[in-house]
Asks: 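After the structure tokens below, expect a handful of questions from me.
Start at 1 and go down the list; that is how both ligands and their atoms are numbered. Side chains included, hydrogens not; waters and symmetry mates left out as well; all remaining heavy atoms used. Worth saying up front: this structure is predicted, and the values here are computed from it rather than measured.
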Amino acid sequence: MTTTNGHTNGHSVRKLNFGAGPAQLPYELLENVNDEFLNYHGAGANIMELSHRSSTFAKVIQDAEQDIREILSIPESYAVLFLQGGATAQFSAIPLHFLNLKPSQTADYLVTGYWSEKAAKEAEKFGKVNWVVPKESKYQGVPTEASWKLSADPSYFYYCANETIHGIEVDDIPAVVPKDVPIVCDMSSNFLTRPFDITKFSVVFASAQKNFGISGVVLVIIRKDLVGKNTNKSIPLILDYKIQIDNGSMYNTPPTFAIYIASKMFAWIKQQGGLKAINERSDEKSSLVYQTIEQSNGFYVNFVEKKYRSRTNIPFRIVTSGVPDEKLETLFIKEAIQSNMIELKGHRAVGGIRVSLYNGISVEEAKKLVNFMSTFQTNNS
Ligand code: PMP
């Protein structure tokens, strides 16, 4: 099919995008957005051209909140906020609000990779941070809980559920953290890929551009009573949870288009059968890739401890004669592009290849990738 501006907009021109984010969105969602692009529900304008105070946008953000509350069974005691500044802004907002919550004036950070390390270093600007495990030179798993050094009564415990660069996922909420310690979690790269019990957390946040939309919005789910306990009067307006809660995420102009896309993704997740179905898809997709790696006789190698292997970000190296073969990795990426598969280059911190399998990637698409991997191995080993 050719559009009026001459571009072909059929499936055929789309490439298969395994990027770590911003990432591929479901095709049917893009088609739907395309249909609404010039005239959103008869408004005669794109949603991004309408006032955030309009009744039309009010319905978008209300529907988004209602859907995410339904998907995760979020009780009224939690606020749901759609904010700007990405997950990175939350690295500052969290210590600003909560570092001094308890007399210890210390927060415990479990650092398991690039992103939790960044969050811990940001928190150190504002007060005392206890690194629960020593800094690793290479992140390839999580030290056993028995070795963790927790503070006596920390203001909160912080961790990252999925390290996007290192491909390390912590499935379970750490059991050694005492029940009365607020748990704060960065779920940016595995949010909405599995069900979880929000009532076990005090704050969960996630950038949208991986599993539920585009960059520009970060979702923050936060216990309202905890926000009420903040005593820091010097929080910048834009980071202040109370102000954002009191104003329904609209203290200033919110990222309207990003919220609109998030609302579409929430509706899409519900249509798929909710998080139970999404969880099964995520298992299936990642198993395909891990099985291919494991059955490759050491041609493809993922260095992460099995228990902590991420389902959404899979870094691996191509190894010949016992060492990573950068030439072959470059060829892999080049031939993948020739097969219409893009964004497979690993992060510079770990090198090699990285496959990201967010919600916008289907099982069929993951199968195409593993078929390519098998053929590549046959041709090059
Ligand atoms: N945390 C994690 C786990 C991430 O993967 C990212 C982005 N890749 C961030 C935080 C930072 O998010 P943003 O760029 O939206 O600030």
Asks: Hey, does S189 come in under 3.5 Å of ligand 1, counting only N/O atoms on both sides?
Replies: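 For ligand 1, there is no N or O atom that lies under 3.5 Å from one belonging to S189.
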Asks: Closer than 3.5 angstrom, by distance alone: can the side chain of K224 be matched with the main-chain N or O of E76 as a donor-acceptor pair?
Replies: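 Indeed, once roles are kept as given, a pair shorter than 3.5 Å links the two residues.
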Asks: Looking only at heavy atoms, is any part of F91 under 4.0 Å from ligand 1, and if so is it the side chain, the backbone, or both, or is it neither?
Replies: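 It is the side chain that gets close, since no backbone atom is under 4.0 Å.
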Asks: Which of the atoms of ligand 1 are close to S207, meaning less than 4.0 Å from one of its heavy atoms?
Replies: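 Matching atoms, with element in brackets: 12 (O), 13 (P), 15 (O).
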Asks: Under 4.0 Å from a heavy atom of W115: give me the atoms of ligand 1 that qualify, with their elements.
Replies: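 The list of qualifying atoms is 1 (N), 2 (C), 3 (C), 4 (C), 5 (O), 6 (C), 7 (C), 8 (N), 9 (C), 10 (C), 11 (C).
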Asks: State which residue, out of R194, K306, R309, fulfils the salt bridge (charged side-chain N to carboxylate O under 4.0 Å, His left out) condition with E169.
Replies: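 The salt bridge (charged side-chain N to carboxylate O under 4.0 Å, His left out) with E169 is passed solely by R194 among R194, K306, R309.
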Asks: Do the two ring centres, one from F316 and one from F303, sit under 6.0 Å apart?
Replies: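 No - the distance between ring centres of F316 and F303 does not fall below the 6.0 Å cut-off.
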Asks: Is the number of heavy atoms from other residues, nucleotides or ligands within 6.0 Å of NZ (K276) greater than 12?
Replies: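 At most 12 heavy atoms, drawn from other residues, nucleotides or ligands, come within 6.0 Å of this atom.
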Asks: Could you tell me whether ligand 1 has any atom less than 4.0 Å away from a heavy atom of N162?
Replies: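 In this structure, N162 qualifies as a contact of ligand 1 - some heavy atom is under 4.0 Å.
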Asks: Answer with yes or no whether C160 contacts ligand 1, where contact means a heavy atom under 4.0 Å from a ligand atom.
Replies: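 Yes, C160 has a heavy atom closer than 4.0 Å to ligand 1.
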Asks: I'd like to know whether ligand 1 has K210 as a neighbour, heavy-atom separation below 4.0 Å.
Replies: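 Checking ligand 1 against K210, which is what was asked, there is a heavy-atom contact under 4.0 Å.
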Asks: Is the distance between the ring centroids of H97 and Y241 less than 6.0 Å?
Replies: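 Ring centroids of H97 and Y241 are less than 6.0 Å from each other.
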Asks: Between Y114 and Y139, is the ring centroid distance below 6.0 Å?
Replies: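 Ring centroids of Y114 and Y139 are no less than 6.0 Å from each other.
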Asks: Which is it for A87 and ligand 1 at heavy atoms under 4.0 Å: side chain, backbone, both or neither?
Replies: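 Both backbone and side chain.
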Asks: Should the ring pair F82 and F266 be called parallel, tilted or perpendicular, given that the plane angle runs from 0 to 90° and is split at 30 and 60?
Replies: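 Correct class here is tilted.
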Asks: Tell me, which protein residue and heavy-atom name are nearest atom 5 (O) of ligand 1, and how many Å apart are they?
Replies: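 Answer, as residue, atom name and distance: T164 OG1, 2.4 Å.
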Asks: With a 4.0 Å heavy-atom cut-off (strictly under), which part of D186 contacts ligand 1: side chain, backbone, both or neither?
Replies: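 Side chain only.
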Asks: Please state which protein non-hydrogen atom is closest to atom 16 (O) of ligand 1 and give its distance, to 0.1 Å?
Replies: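 Ranking protein heavy atoms by distance from atom 16 (O) of ligand 1, first comes T88 OG1, 2.5 Å.
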Asks: For the ring pair Y78 and F201, is the centre-to-centre distance below 6.0 Å?
Replies: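 Centroid distance Y78-F201: not below 6.0 Å, so no.
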Asks: Looking only at heavy atoms, is any part of Q209 under 4.0 Å from ligand 1, and if so is it the side chain, the backbone, or both, or is it neither?
Replies: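 Q209 to ligand 1: side-chain contact only, backbone stays beyond 4.0 Å.
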